[in-house]
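Both counts, for ligands and for their atoms, begin at 1 and track the order of listing.
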Amino acid sequence: MLIAQISDLHIQRDGKPAYGVVDTVTMLKKAVETLNALDPQPDVVLATGDLVERGSAEEYAILTEILKPLKAPLLVVPGNHDARGPLAKAFPEIGKRVGDSEFFHYAVDEFPVRLIGYDTTVPKHHHGEVCAARAEWLDRTLAAGGDKPTMIFLHHPPFRTRIAVMDKSGLANSDRMAAVVAKYPNVERILCGHIHRSIQARFAGTIASVAPSTAHQIAMDIRDDAPLCFNMDPPGFQLHAWAPDNGIVSYTAAIGDYGEPIKFPW
Ligand SMILES: [Fe+2]
Ligand SMILES: [Fe+2]
């Protein structure tokens, strides 16, 4: 099973460049082209939040139009820039999975790897939260899945990334998540976004990771007093490849045209 992950698309209304300089629309179109060119094709694409900039229906309409040519099925979770209601309307099939839950949570059982979309957002705030109700939901949902290999995908990483300003808008009460995840050794990965950069850390006995953005990246500045800056490092995506005899192997790849593969001469 192949699981592609994109994150932090930040689509703006009227296709306006984000922060005046980042053409997120064109960059997402390139991401879709890159994913569509993968051979073999991913079985599913996960988008780990910040799909649009302000959570408006107009932005989601632009987003779904750009995503239309994507060949693989798509699953999404909200980030701090999204809004649950308009998101569910833009992706009605996923909205059905969520049902009338207060949170945009759902489990997908139809693949060899179980996928759990987990909503960490706090409306109108940049940080995320694992409240008692969400910890309880995760525990119940993991218990219901038996020992099938499982990935949890969410927006806010549950670990300190050391990109100081981003950690201030990190995942509050992530220790609640750690206590739940530690009970389930079949949680193979916790896949996140929010930090716009490829990062991995050990967390609660599993591997937690952040995917790069399809648009701008957050500067890799881990000084305690670093200001929050973005840069135009190559955008990217991740591919998580599962096989029954090999578990999951994860790759980070750049989006963009860097020329044809060059065969070694020997
Ligand atoms: Fe973001
Ligand atoms: Fe975010």
Item to complete: May I ask you to check if any N/O/S atom from His81 comes under 2.8 Å of the Fe ion (ligand 2)?
Response: no
Practice prompt. Decide whether Leu70 and Met1 are clustered together by the hydrophobic rule: side chain heavy atoms of Ile, Leu, Val, Met, Phe, Trp, Tyr closer than 4.5 Å, transitively.
Written response: yes
Practice prompt. List the steps, then state whether side chain to side chain contact (heavy atoms under 4.5 Å, CB included) holds for Ile11 with Val25.
Written response: CA-CA 6 Å; Ile11 296 302; Val25 165; 4.2 Å; yes
Worksheet item: Can you give me the OD2-the Fe ion (ligand 2)-OD1 angle for Asp50 and Asn80, to 10°?
Response: 100°
Worksheet item: Would one find an N, O or S atom of His196, in either backbone or side chain, under 2.8 Å from the Fe ion (ligand 1)?
Response: yes
Response to the item:
Answer key: the N, O or S atom of Asp8 nearest to the Fe ion (ligand 1) is OD1
Worksheet entry | From His127, His194, Met177, residue fulfilling side chain to side chain contact (heavy atoms under 4.5 Å, CB included) relative to Leu171 | Met177
Discussion item. Which atom name does His10 have for its N/O/S atom nearest to the Fe ion (ligand 1)?
Written reply: NE2
Item to complete: Examine distances only and state if a side-chain atom of Thr121 and a backbone atom of Pro123 form a donor-acceptor pair shorter than 3.5 Å.
Response: no
Worksheet item: Salt bridge or not for Arg140 and Glu136, using N-O below 4.0 Å?
Response: yes
Worksheet item: What N/O/S atom of His194 gets nearest to the Fe ion (ligand 2)?
Response: ND1
